2 protein chains.
Amino acid sequence: MKRNKRERQALLTETIKENPFITDEELADKFTVSVQTIRLDRLELSIPELRERIKNVAEKNFEDEVRSLPLEEVIGEIIDMDLDNSAISILDIKKEHVFKRNQIARGHHLFAQANSLAVAVINDELALTAKANIRFTRSVLEGERVVAKAKVISIDEEKGRTLVEVTSFVNSEIVFKGDFEMYRSHA
Amino acid sequence: MKRNKRERQALLTETIKENPFITDEELADKFTVSVQTIRLDRLELSIPELRERIKNVAEKNFEDEVRSLPLEEVIGEIIDMDLDNSAISILDIKKEHVFKRNQIARGHHLFAQANSLAVAVINDELALTAKANIRFTRSVLEGERVVAKAKVISIDEEKGRTLVEVTSFVNSEIVFKGDFEMYRSHA
DNA sequence: CTACTATTAGTACCTAGTCTTAATAGCTTG
DNA sequence: CAAGCTATTAAGACTAGGTACTAATAGTAG
């Protein structure tokens with residue numbers, strides 16, 4: 001069970017990534033080396049100490065949680081957000097998103113990106129999709145980057161409905177367009 | 001600005017709840033009392049120390065993160081299939097499908113099930129979604145089983161378009177309905 | 001005046017580290 | 001074979017942000 005340095009450090013990175021709550025002592029036990037070796041490894045790998053790691057995990061979503069925004073639950077990465085107005089997210093199409101036969105992205109991934117963005121842009125605890133009208137105008141291939149832009153068109157406070165238009169692009173070429181009628185609990 | 005004990009402790013609870021990342025020293029400053037007083041207050045109010053608080057926030061986030069799994073390839077399990085005619089699939093709504101706030105299934109999972117089924121029912125190597133018009137008529141909760149039924153309405157061989165209607169139920173109650181216009185290469 | 005509450009102070013100790021210096025073992029290379 | 005290098009381990013001083021405990025002080029109520 002003797003691992004060399006390289007091997008141990010690779011495993012260490014993996015272990016900490018999977019469980020950031022592990023102490024140096026527990027790691028030393030696990031790899032049957034001294035605590036000092038673990039600390040040296042962390043230093044070389046630029047892995048912060050337990051408390052910093054925990055703090056990072058805690059801070060990551062705290063803001064969102066207070067705002068009750070399901071930002072973490074959005075498909076794709078949000079790069080701009082102006083609540084109740086507009087939002088932009090990007091999604092890189094990888095192997096797991098495409099049909100094996102032809103490397104074309106499955107429609108529901110584009111829909112998921114657009115739909116979750118429409119949910120996120122609404123400044124409300126409870127936003128749900130009521131209706132949607134969508135068009136796929138060009139197939140997206142593996143390796144392409146889809147930029148989705150959501151725009152809030154209108155807010156009907158009486159009916160509790162909000163209209164959101166989402167347009168997705170690959171290199172300024174429209175690949176998807178959807179009109180979402182969203183339900184909100186507290187408009 | 002002199003607050004009494006009761007008042008200060010109420011404010012303290014509020015402050016820490018809003019920002020668990022604050023140290024006793026910062027709190028002492030804020031309430032212009034000594035650090036010891038803050039610690040006595042926390043003791044009386046059973047508020048754990050900074051590190052414990054951070055750890056709690058981190059643990060909460062960590063759990064959520066793991067369970068927010070992305071979309072797989074084919075959504076739902078196909079239990080009946082009559083190519084170019086009709087198909088049925090089921091999807092059990094689990095933790096990873098719902099908003100953590102309210103346990104309501106996220107729209108894109110219902111869409112994904114319907115869309116996958118619409119693609120699968122078409123007897124062609126290459127079937128893609130061109131347009132879709134969808135309605136979510138009832139929210140689906142964690143633990144419920146969604147049965148999606150697809151029916152091919154028309155096949156336009158010239159245009160290479162096929163219309164598929166998908167209706168999803170939970171216990172014979174309609175929860176989702178979608179009209180899919182599918183593109184096929186070799187009709 | 002005494003009793004009690006609230007506040008403050010001080011000390012020892014803890015965890016999970018950092019940072020630094022130093023020692024040792026096992027190779028390799030001239 | 002000695003010198004140099006890498007990897008590992010150890011030891012000591014220091015840190016943040018505390019806990020747990022004892023003790024002192026101020027102000028108020030009976």
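Letters A, B, ... are given to chains in the order of the sequence lines, protein chains preceding strands, and every chain is numbered from 1. Keep in mind it's a predicted model, so treat the numbers as computed, not measured.
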S.K.: Rounding to an integer number of Å, can you tell me how far L43(B) CG sits from dT8(C) C1'?
M.R.: 16 Å
S.K.: Who are the salt bridge (Lys or Arg N to Asp or Glu O under 4.0 Å) partners of R39(B), not counting sequence neighbours?
M.R.: D24(B)
S.K.: Below 3.5 Å between N/O atoms, which protein atoms pair up with nucleotides 4-7 of chain C? Just atom names and distances, please.
M.R.:
| from | atom 1 | to | atom 2 | distance (Å) |
| --- | --- | --- | --- | --- |
| dA6(C) | OP2 | K5(B) | NZ | 3.2 |
| dT7(C) | OP1 | R8(B) | NH1 | 2.7 |
| dT7(C) | OP2 | R8(B) | NH2 | 2.7 |

S.K.: Could you check if a side-chain atom of L12(A) sits within less than 4.5 angstrom of a side-chain atom of L27(A), using non-hydrogen atoms only?
M.R.: yes
S.K.: Expressed as a whole number of angstroms, how long is the span from L45(B):CG to dT19(D):C1'?
M.R.: 17 Å
S.K.: Donor-acceptor pair, S116(B) side chain versus A112(B) backbone, under 3.5 Å?
M.R.: yes
S.K.: What nucleic acid atoms does R42(A) come within less than 4.0 Å of, heavy atoms only: base, sugar-phosphate, or nothing?
M.R.: sugar-phosphate
S.K.: Does a side-chain heavy-atom distance below 4.5 Å link R135(B) with D179(B)?
M.R.: yes
S.K.: Once you round it to whole Å, what is the distance between P of dG17(C) and CD1 of I38(A)?
M.R.: 11 Å
S.K.: Among pairs that include at least one residue of residues 153-177 of chain A, which meet ring pair (Phe, Tyr, Trp, His ring centres under 6.0 Å), considering only residues two or more places apart or in two chains?
M.R.: F136(A)-F176(A)
S.K.: Hey, what are the protein-to-nucleotides 11-13 of chain C N/O distances that come in under 3.5 Å?
M.R.:
none

S.K.: Between the protein and nucleotides 15-17 of chain D, which nitrogen or oxygen pairs come in under 3.5 angstrom?
M.R.:
| from | atom 1 | to | atom 2 | distance (Å) |
| --- | --- | --- | --- | --- |
| dA16(D) | N3 | R51(B) | NH2 | 2.8 |
| dG17(D) | O4' | R51(B) | NH2 | 2.9 |
| dG17(D) | N2 | R51(B) | NH1 | 3.3 |
| dG17(D) | N3 | R51(B) | NH1 | 3.0 |

S.K.: Are any of the side-chain nitrogens in K94(B) or E142(B) under 4.0 Å away from the carboxylate oxygens of its partner?
M.R.: no
S.K.: Starting from L40(B) and following side-chain heavy-atom contacts under 4.5 Å between hydrophobic residues (I, L, V, M, F, W, Y), which residues can be reached?
M.R.: none
S.K.: Send over the distance from R53(A) CZ to dA16(C) C1', rounded to a whole Å.
M.R.: 10 Å
S.K.: Assess whether a salt bridge exists between K151(A) and E165(A), defined as any Lys/Arg side-chain N lying under 4.0 Å from an Asp/Glu carboxylate O.
M.R.: no
S.K.: Does R145(A) pair with D92(A) as a salt bridge, N-O distance under 4.0 Å?
M.R.: yes
S.K.: Strictly distance-based, threshold 3.5 Å: is any side-chain N or O of D124(A) a donor or acceptor partner for the main-chain N or O of A127(A)?
M.R.: no
S.K.: Between E125(B) and R184(B), is the closest basic N to carboxylate O distance under 4.0 Å?
M.R.: no
